[in-house]
Amino acid sequence: SSDHLRHVESMAQLPSGAGKISHLNAVILGETLASEENDLVFPSQDFSRQALVSSPEQYRIMYERSIQDPAGFWSEIASQFYWKEKWDPEVYSENIDVRKGTVKFEWFKGASTNISYNALDRNIEAGNGGKVAVYWEGNEPGDDDQLTYAELLEKVCQLANYLKHVGVRKGDSVVIYLPMLMELLISMLACARIGAVHSVVFAGFSAESLAQRIIDCKPKVVITCNAVRRGPKAIHLKDIVDSAINESVKGGVPVDLCLTFENQSAMKREDTKWQEGRDVWWQDVVPKFPTKCAVEWVDAEDPLFLLYTSGSTGKPKGVLHTTGGYMVYTATTFKYAFDHKPSDIYWCTADCGWITGHSYVTYGPLLNGATVVVFEGAPNYPDSGRCWDIVDKYKVTLFYTAPTLVRSLMREGDEYVTRYHRKSLRVLGSVGEPINPSAWRWFYNVVGDSRCPISDTWWQTETGGFMITPLPGAWPQKPGSATFPFFGVQPVIVDENGNEIEGECSGYLCIKKSWPGAFRTLYGDHERYETTYFKPFAGYYFTGDGCSRDKDGYFWLTGRVDDVINVSGHRIGTAEVESALVSHPHCAEAAVVGVEHEIKGQSIYAFVSLVEGVSYSEGIRKSLILAVRNQIGAFAAPDKIHWAPGLPKTRSGKIMRRILRKIASGQLDELGDTSTLADPNVVDQLIALSDC
Ligand code: ATP
Ligand code: MG
């Protein structure tokens, strides 16, 4: 196609020796790309023409500058924000090497700013006070609301004034246990405005998990609501908070104040259990406070929030992010990875209880003056077309979600999608786990009408923002690859001995040097921070993920390294096998683990769930195995297929392989901590089906 030629030509024009940066060398050679033609999906010429980064060479120039002159690159970007005090000439300092002492990252040291000011006041001063900041869509279709930037600021100021009034000071922590109401964003921004450290706990976590987190960070206030509706169910959040606070009192951490929003559509205040003296209705106090609140200027390195990782691999870690670097990084990654323009309407389906909701529902978009859709409900309520109904209702242009949602909607069939227009969509996004090429193609072809580039963003709670991501107008994409590093990010692939390996290869994904959005510590446990992330491969940040790089320099995430299976000496990524299984037309989702095997060392054990209307049979079992043999090879064929009507997932939608590993090897008394599971019943169901 002409688009293809244009890209190949523009790549071929680059001086071939130009990039000292190895991963770019392969890709700037036009001929390499041409041979990969079938795997490449090109942005349309119209899309690229209007894009912020519209060609590989433009990316390359910006990327090289960001690596060669990080201080210059980032301080130019940072200058677009308001700083009460500018940073020292140094911009950043880092020690990423444990052998050289304590690991420490600092960005914009000496500067002071406020992220809430930059997200709200700065946009209003620029003339956008009347622009919609948040469209809120309730669980029930037809239940909605909205706030302009000016209105949002007023609400934030009222809560900020209230929090100050009850004694919350800079550096104090506040736990927020709220569903996707506008009050959740308001609470985060109000804390930030007064320099308090928020810790949002996903409002689906059990009382026990909430108590653990309260005990860990000792909040001055807990902010919650009485109840929420998700789909057809009402969940009494206040009851959960009550028992969590009882637990934390026993653990020696009393909570003096529980500010409770009355969520009238879910529960009336008369029906809510109440503890006089401790519990206060939001609606009774907050609206009485002034709508203006002076900003607390904080040091760039003052903590902004504390957030626990999703716990896929064990006990959740309290990740601490600071203010200045995080602000600059989330804003910049949002802008480029989604090609954000002022006219866009952006919707991210993640909950603010996860890092994705922090960086890409609240801070990144609002720092860019974006209009954000916030959705309270469930994507399959009242039916599986709800997402596209919302897309049409608000004319959403940028839609960001997770592979698990893509796969579950794919399983329901195209009809739910195609009955909506979706013409407004411009860019799609994916995060959370590797997206299988078959799910990628469905997302691209059916949801995006083969028109919208997909930003498959690889990053982590720890990284604060995107690390490896397509820039939608710049690169031809390969379904399932997160493509290339973001500006300022130096990913490297290392072998078992920690040596960097070049070119086409696979190994452990590490990051060299620091980047502004990096987490600064694990709360209260800097030693665990160093041991977990910086000791495994000295001199690097270790991501925990496996990765390969193809001959064109594209990065492919292969899953967590502790999920790599070694069968008779073949190292097989779980993502690869799962992808082959999911490409089978009857397979909706798959999770693969390794179990001990006398001869092979490990063998492959696959849990699969099937698409609507298909029942499990011997014929299906055989054809699933055949799919893996054909696509990867006989060595990767699963020894066991375990039919799974549902898979154990964290509340952020990730499959918990550590539990599947125990089920597969029959160690049923060692299932471990299942408190972060979305639906613990799934585990019993799977155990019951073990012998099918
Ligand atoms: P824990 O660290 O507690 O086990 P977690 O790693 O699931 O939990 P997150 O920080 O939310 O918590 O998830 C980051 C991880 O998600 C990455 O390390 C990676 O394994 C996976 N991931 C996220 N986005 C992508 C993506 N686009 N492609 C591949 N993997 C991804
Ligand atoms: Mg992790």
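Along the sequence shown, residues are numbered consecutively beginning with 1.
When each of H642, R661, K640 is tested with Y605 by the rule side chain to side chain donor-acceptor pair (under 3.5 Å), just one qualifies, namely H642. For the side chain to side chain contact (heavy atoms under 4.5 Å, CB included) criterion with W440, the lone passing option out of L428, V406, I435 is I435.
Remark: F443 CZ to I454 CD1 distance equals 5.5 Å, nearest 0.5 Å. Here M656 contributes atom CE and I663 contributes atom CD1; the two are 11.5 Å apart, rounded to the nearest 0.5 Å. The distance from the CZ atom of R621 to the OH atom of Y616 is 6.0 Å, given to the nearest 0.5 Å. Remark: L677 CG to L647 CG distance equals 11.0 Å, nearest 0.5 Å. With rounding to the nearest 0.5 Å, the separation of CZ in F47 from CG in D339 is 4.5 Å. Distance check: Q631 CD to L626 CG gives 10.0 Å after rounding to the nearest 0.5 Å.
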Anything under 3.5 Å between a donor and an acceptor, one on a side chain of residues 481-488, the other on a protein residue two or more places apart or in another chain? List them.
unit_1, atom_1, unit_2, atom_2, d
S481, OG, T483, N, 2.9
S481, OG, F555, O, 2.7
T483, OG1, T469, O, 3.4

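In this structure, C348 and T356 have side chains that are in contact, with non-hydrogen atoms separated by less than 4.5 Å. With a 4.5 Å cut-off on side-chain heavy atoms, L522 and Y533 count as touching. With contacts defined as side-chain heavy-atom distances shorter than 4.5 Å, the pair V396/L425 qualifies. Using a 4.5 Å heavy-atom cutoff, the side chains of P434 and E578 are not in contact. Proximity of L689 to P645: side-chain heavy atoms (C-beta onward) are separated by under 4.5 Å at one or more points. Residues K478 and L40 are in side-chain contact: their nearest non-hydrogen atoms beyond the backbone lie under 4.5 Å apart. With a 4.5 Å cut-off on side-chain heavy atoms, P43 and P472 do not count as touching. Side-chain contact between M467 and P491 is absent, with no heavy-atom pair separated by less than 4.5 Å.
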Could you go through the side-chain hydrogen bond (donor to acceptor under 3.5 Å, both in side chains) check for T457 and Y360 one step at a time? CA-CA 11 Å; T457 60; Y360 302 109; over 6 Å; no
Output, in order, the C-alpha distance, side-chain angles, deciding distance and verdict of side-chain contact (heavy atoms from CB on, under 4.5 Å) for Y336 and F466. CA-CA 10 Å; Y336 287 105; F466 305 149; over 6 Å; no
Stepwise ring pair (Phe, Tyr, Trp, His ring centres under 6.0 Å) test for F542 and F534: CA-CA 6 Å; F542 175 45; F534 299 93; over 10 Å; no
Check step by step if side-chain contact (heavy atoms from CB on, under 4.5 Å) holds for V319 and I355. CA-CA 10 Å; V319 167; I355 189 67; over 6 Å; no
Go through S506 and I493 one step at a time and tell me if the side-chain contact (heavy atoms from CB on, under 4.5 Å) criterion holds. CA-CA 7 Å; S506 63; I493 299 179; 5.6 Å; no
Pair Q212-Y308, side-chain contact (heavy atoms from CB on, under 4.5 Å): steps then yes or no: CA-CA 11 Å; Q212 249 180 30; Y308 295 83; over 6 Å; no
Before you tell me yes or no, could you show the steps for Q667 and S665 under side-chain hydrogen bond (donor to acceptor under 3.5 Å, both in side chains), namely the whole-Å CA-CA distance, both residues' side-chain angles and the distance that decides it to 0.1 Å? CA-CA 6 Å; Q667 295 163 289; S665 55; 2.6 Å; yes
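Remark: side-chain polar atoms of S359 are paired, donor with acceptor, to backbone N or O of G464 under 3.5 angstrom. Here the side chain of R411 pairs no donor or acceptor atom with the backbone of V611 at under 3.5 angstrom. No donor-acceptor pair under 3.5 Å is formed between the side chain of D552 and the backbone N or O of Y554. Checked by atom type and distance alone, the side chain of T461 never pairs as donor or acceptor with a backbone atom of T309 at under 3.5 Å. Counting only distance, with no hydrogens or angles, the side chain of H358 and the backbone of C352 share a donor-acceptor pair below 3.5 Å. Judged purely by atom type and a 3.5 angstrom limit, D383 uses its side chain to pair as donor or acceptor with the backbone of G385. A donor-acceptor pair is defined here as one N or O able to donate and one able to accept, closer than 3.5 Å; no such pair exists between the side chain of W556 and the backbone of D550. Without hydrogens or angle criteria, R441 side chain to P479 main chain gives no donor-acceptor distance under 3.5 Å.
Taking the six-membered ring wherever Trp is involved, the centroid distance between the rings of Y416 and W388 does not fall below 6.0 Å.
The two atoms that bring V431 and W459 nearest to each other are CG2-NE1, 3.1 Å, heavy atoms only. Residues A575 and T558 come closest through the heavy atom pair CB-O, 3.6 Å. Summarising the geometry of V608 relative to A590, their closest heavy-atom pair is CG1-CB, 4.1 Å, with the distance given to 0.1 Å. Between A538 and V98, the closest heavy-atom pair is CB-CG2, 4.4 Å. The minimum heavy-atom distance between V682 and P648, with the atom names listed, is CG1-N, 3.5 Å. Nearest heavy-atom pair, V427 versus A337, reported as atom, atom and distance to 0.1 Å: CG1-O, 4.5 Å.
A salt bridge (Lys or Arg N to Asp or Glu O under 4.0 Å) check over residues 583-603, counting only residues at least two apart or in different chains, returns the pairs R407-E589, E589-K649, K600-D639.
A salt bridge does not link R651 to D351: none of the charged side-chain nitrogens sits closer than 4.0 Å to a carboxylate oxygen. Taking 4.0 Å as the cut-off between side-chain N and carboxylate O, E433 and K654 do not count as a salt-bridged pair.
Ring geometry for Y529 versus F519: interplanar angle over 60°, hence perpendicular rather than tilted (30 to 60°).
Heavy atoms of other residues, nucleotides or ligands lying less than 6.0 angstrom from CZ of R451 number more than 12. At most 12 non-hydrogen atoms from other residues, nucleotides or ligands lie less than 6.0 angstrom from CD of E208.
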